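None of the values given here were measured: they were computed from a predicted structure.
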Amino acid sequence: MLLVFGELYAELTNSGEACLEVELGGPLLRQALAARAAGARTRFLGRVGRDGYGRSIRRIGQHHELEWALQEDGERPTSLWLGGDPPVAYRAADAHLEPPAESFFEGGRVLHAGAWAFGMDPARTTAAEVFREGLHQGLALSLDLRSARWALRADLEEVLRPFLPLAYMKADAEALEALELRPGELFQWANTVLLFAPGKVRRMTLFEEEDLALPAGLHPDEAYGRFLAGASRGQEPEAALAAALEGGDGTLRPKEKDA
């Protein structure tokens, strides 16, 4: 089983026609839904407000047969991400993520999170506790190193140090630039790194690098979610990535559940 935890928000973007387009959930939810569509049993720990955005996010997960460990915050609204240059994040409910029940870890094989969860307390403390428990239970740890404007490299290194190297990591050029990282330094962060760029993904390990084409229409978040689906079934990273890159129409179609 794949376990995912971290940010959940409503993304608002100006469409240029005096109205806002709304996308619900964020990158971690996209990854979780892609893993579920690839057939992996997937459980998500997150926190939303007791509002319309939070209810809609819950319904999306339920529609795609995601197993929710969803917390509702009665005092804070669902977080918002406002698209623009630069984008602005209003962290609310998900910044107050609380530790899950022990049952959250049951059946897990891979534990995946976003870098945002490690950015500000109390969610930062919770994220470290969840990773620590996952490590204690022998789960493979994964991180989406997506650019986070709160983050200084030293901050992220400090909170992640007890867990490095992780098993898997997703990165892109924007995240490397924001954190002042060179691709070669990523070997200190994870055993297998998937570095995404327009039209391609580079699989990086300590011993080899391999560039593969990213199929047209396949979003990097969907590709990484599919990759984690394979990893959660025990596939080797090379085989999991090859399976993740098959097809590429970007359509979420739930398949047969795994055990």
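Of all the heavy atoms in P220 and K170, the pair that sits closest is O-CE, 4.0 Å. The shortest heavy-atom contact between A117 and F5 is CB-CE1, 4.3 Å. Heavy-atom minimum distance, L195 versus A173: CD1-N, 4.5 Å. When all heavy atoms are compared, the tightest approach of A213 to P215 is O-CD, 3.5 Å. Closest heavy-atom contact between A40 and S232: CB-OG, 3.9 Å. The minimum heavy-atom distance linking A35 with G225 is given by the pair CB-O, 3.3 Å.
For the salt bridge (Lys or Arg N to Asp or Glu O under 4.0 Å) test, residues two or more places apart in sequence or in another chain that qualify with D94 are R91. The side-chain hydrogen bond (donor to acceptor under 3.5 Å, both in side chains) search around R55 returns none, not counting sequence neighbours. Scored by the ring-ring contact (aromatic ring centres under 6.0 Å, His included) test, F163 finds F131 as partners (sequence neighbours excluded). Qualifying salt bridge (Lys or Arg N to Asp or Glu O under 4.0 Å) partners for E129, counting only residues two or more places apart in sequence or in other chains: none. For P122, the side chain to side chain contact (heavy atoms under 4.5 Å, CB included) criterion is met by H96, not counting sequence neighbours. In this structure E67 satisfies the side-chain hydrogen bond (donor to acceptor under 3.5 Å, both in side chains) test together with R41, R43, sequence neighbours excluded. By the side-chain hydrogen bond (donor to acceptor under 3.5 Å, both in side chains) test, N191 pairs with no residue at all, sequence neighbours left out. Partners of R132 according to the side-chain hydrogen bond (donor to acceptor under 3.5 Å, both in side chains) rule, which considers only residues two or more places apart in sequence or in another chain, do not exist here. Scored by the side chain to side chain contact (heavy atoms under 4.5 Å, CB included) test, R203 finds T192, L194, T205, E208, E210, E238, L241 as partners (sequence neighbours excluded).
With rounding to the nearest 0.5 angstrom, the CG atom of L97 is 5.0 Å from the CD atom of Q71. Remark: W116 CH2 to Y9 OH distance equals 5.5 Å, nearest 0.5 Å. For the atom pair L28 CG and L8 CG, the distance stands at 7.5 Å (nearest 0.5 Å). The line from OH of Y224 to CE of M169 is 8.0 Å long, rounded to the nearest 0.5 Å. The line from CG of L228 to CG of L3 is 11.0 Å long, rounded to the nearest 0.5 Å. Here the CG atom belonging to L66 is positioned 6.0 Å from the OG1 atom belonging to T42, to the nearest 0.5 angstrom.
Here the side chain of S142 pairs no donor or acceptor atom with the backbone of L111 at under 3.5 angstrom. Under the 3.5 Å distance criterion, the side-chain polar atoms of T125 are left unmatched by any main-chain donor or acceptor of D121.
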Could you tabulate the donor-acceptor pairs under 3.5 Å formed by side-chain atoms of residues 181-189, not counting sequence neighbours?
unit_1 : atom_1 : unit_2 : atom_2 : d
E185   : OE1    : R182   : N      : 2.7
E185   : OE2    : R153   : NH1    : 3.4
E185   : OE2    : R153   : NH2    : 2.6

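Annotation: side chain of L2 is in contact with side chain of H112 (closest heavy-atom distance under 4.5 Å). Between V4 and Q31, the closest side-chain pair of non-hydrogen atoms is not below 4.5 Å. Residues L24 and L29 have side chains not in contact (no heavy-atom distance under 4.5 Å, counting atoms from C-beta outward).
Within the structure, the salt bridge (charged side-chain N to carboxylate O under 4.0 Å, His left out) test picks out the following pairs touching residues 98-117 (sequence neighbours left out): R47-E98. Judged as a ring-ring contact (aromatic ring centres under 6.0 Å, His included), the pairs with a partner in residues 33-59 (not counting sequence neighbours) are, in order, F44-W68.
Annotation for E236: atom CD does not count as buried by contact number, only 12 or fewer foreign heavy atoms lying within 6.0 Å.
The ring of F227 has its center closer than 6.0 angstrom to the ring center of Y168.
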